There are 2 protein chains.
Amino acid sequence: MYAQQIVAVAPTTAAAVFPLHAPAVEGGLPMDVGQVMHFARGAEIFGQGEKADCLYRVVSGWVRTYRILRDGRRQIEGFHLAGEYFGIEGGATHRSAAEALGAATVQVVRRSTLNELAARRGDVAATLFHLAMLGLQRSREHIAMLSHKTACERVAGFLLDMAERADAAKGFELPMSRQDIADYLSLTIETVSRTLSQLQADGLIDIPRSRNIVLRDREALEDMCE
Amino acid sequence: MYAQQIVAVAPTTAAAVFPLHAPAVEGGLPMDVGQVMHFARGAEIFGQGEKADCLYRVVSGWVRTYRILRDGRRQIEGFHLAGEYFGIEGGATHRSAAEALGAATVQVVRRSTLNELAARRGDVAATLFHLAMLGLQRSREHIAMLSHKTACERVAGFLLDMAERADAAKGFELPMSRQDIADYLSLTIETVSRTLSQLQADGLIDIPRSRNIVLRDREALEDMCE
DNA sequence: CGAGATTTTGAAACCATTCAAGCGAGGTGG
DNA sequence: CCACCTCGCTTGAATGGTTTCAAAATCTCG
């Protein structure tokens, strides 16, 4: 029953199944599959160790994915905003958990649906592969950050990243707590706070309210991340 | 021209293209594609920034993959031994470089070959996806290690990992230098050396020669990695 | 306005780094 | 064969940045 469809797309998608150096995949997954769910602030979207049945995509709001390590510490893997995917796993269970930072809506697609879709449509398979590679790239950036950067460099880089993703020229709102930032950067909450205060004292940023950041000297911040 | 072959495998591979929770893929890639190349100790297999045209698989020996960071430091992403794949990239260029640790032989497969193969054979596409996810998992383990582990925990964990991969009950030979270990664990060479000495002084390991390690108290080492 | 949570600030302790020197094995040339 | 050199590794002492522990300040929400 699938054969017809497969024949139809076969020749053009031959190279797309493993598009290691394909141009950025346009669009993303089809929007008409899966269901949209709403989550309240702090609500768990999926838990560490749960069966990984679905793939997720942020529709609005922010989501954090994290792991609880053996020593009880929480390692935040990433913050995801509208349009970004999360919950991709290699194994049968989620290695990390996901929670809504504030109120958030999330598109949830069953893996079985994706499997079928990917089998029929080369562009979907390509997108899925692309997403996995994107995750790998981010992960490696994270390693580079953790390996030898000082607290100051980490915080500065984080602020620039947030500003860019929030598409803000100068001022923007942080959707996460200091503890979240600390667990993402692998610092303590005190060090994050101290570093932000220092950056403000140096005139690089301004902090009107604790979750509101204004970039005063973007260039200096960028130099810092070198 | 490919249509016939695709029709042939379509129904059974429908779920294999995106096998997020498929059982471990058996075997790996076909062995009859690509060519086998030999590299001398320290020889570059591919460089950072080069076009990522191929996928690689260690046939014998050890390979290290690494990145040079903006500050000039070297971050070793991993050590790869026989049977393991490396060189998978999301983009058009290699984000990391690869070198032979000692003399090594490596199977090199062109991406174009893989693309064609993956388009025809669902199990190949599945294996490629599986490899990407495996890399992601390793990457996240690396992050967990870097985030809050002490030098002692890192070195102990590294030794256990090496012992396991070398399939050694107790004693084994380290294929890499102290500098390599340091760049992998994000420590300095001095700290690695000191930590190894300390572990020996505590009776957990023995170091007959600098590259030869004997695990004396595996349990204590494992406790340390908690 | 009051209570709890979040954030900031301070001081002391700790761990890895840095800078510097010593050790030891392997290789070369006299 | 031994002196010598080099390179990788080890060890020591001092420095410095982050953490830890503690407390004050600020914000948020009922």
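Because the structure is predicted, anything quoted here is derived from the model rather than measured.
- Taking 4.0 Å as the cutoff to heavy atoms of chain A, we find the contact window on DNA chain C bounded by C:dT7 to C:dA11.
- Closest approach of B:V108 to B:M37, counting heavy atoms only: CG2-SD, 3.8 Å.
- Heavy atoms of other residues, nucleotides or ligands lying less than 6.0 angstrom from CZ of A:R95 number 12 at most.
- Atoms CG (A:D71) and C1' (D:dT19) sit 14 Å apart, rounded to a whole Å.
- A salt bridge links A:R74 to A:D183: at least one charged side-chain nitrogen sits closer than 4.0 Å to a carboxylate oxygen.
- How far CD1 of B:I88 is from CG of B:L136: 11.0 Å, rounded to the nearest 0.5 Å.
- Salt bridge present: A:D71 and A:R73 bring a charged side-chain N and a carboxylate O closer than 4.0 Å.
- Residues satisfying the side chain to side chain donor-acceptor pair (under 3.5 Å) criterion with B:R154, sequence neighbours excluded, are absent altogether.
- One atom, CG of A:D183, and another, P of D:dT19, lie 11 Å apart when rounded to the nearest Å.
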For residues 207-214 of chain A, please give each side-chain donor-acceptor pair under 3.5 Å, one per line with the distance, not counting sequence neighbours.
| residue | atom | partner | partner atom | Å |
| --- | --- | --- | --- | --- |
| A:R209 | NH1 | A:E173 | OE2 | 3.4 |
| A:N212 | ND2 | A:E173 | OE1 | 2.9 |

Where protein sits on nucleotides 24-30 of chain D, one letter per nucleotide: B base, S sugar-phosphate only, - none, heavy atoms under 4.0 Å: -------
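- For B:S177, the side chain to side chain donor-acceptor pair (under 3.5 Å) criterion is met by B:D180, not counting sequence neighbours.
- Scored by the salt bridge (Lys or Arg N to Asp or Glu O under 4.0 Å) test, B:D217 finds no partners at all (sequence neighbours excluded).
- Under a 3.5 Å cut-off, the side chain of A:T105 and the backbone N or O of A:H38 do not form any donor-acceptor pair.
- Applying the salt bridge (Lys or Arg N to Asp or Glu O under 4.0 Å) rule to A:D161 yields the partners A:R165; only residues at least two apart in sequence or on another chain are considered.
- Within residues 186-196 of chain B, the residues that place at least one heavy atom under 4.0 Å from DNA chain C are, in residue-number order, B:S186, B:L187, B:T188, B:E190, B:T191, B:R194.
- Rounded to a whole Å, the CG atom of B:N212 is 13 Å from the P atom of D:dT10.
- Residue A:L185 contributes atom CG, which lies 16 Å from atom C1' of D:dG17 at whole-angstrom precision.
- Legend: residues meeting side chain to side chain donor-acceptor pair (under 3.5 Å) with A:T113, ordered by chain and number and at least two apart, are absent.
- Fit an axis to the five pairs at each end of the helix from C:dC1-D:dG30 to C:dG30-D:dC1 and the two axes sit 30° apart, to the nearest 10 degrees.
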Test log, rule ring-ring contact (aromatic ring centres under 6.0 Å, His included), inputs B:Y184 and B:F79: CA-CA 9 Å; B:Y184 178 67; B:F79 301 104; 5.2 Å; yes
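- The stretch residues 145-157 of chain B has no heavy atom under 4.0 Å from DNA chain D, so no residue of it qualifies as close.
- Residues satisfying the side chain to side chain donor-acceptor pair (under 3.5 Å) test with A:Q200, not counting sequence neighbours, are A:D206.
- Looking at B:T191, its side chain never comes within 3.5 Å of a backbone N or O of B:L187 through a donor-acceptor pair.
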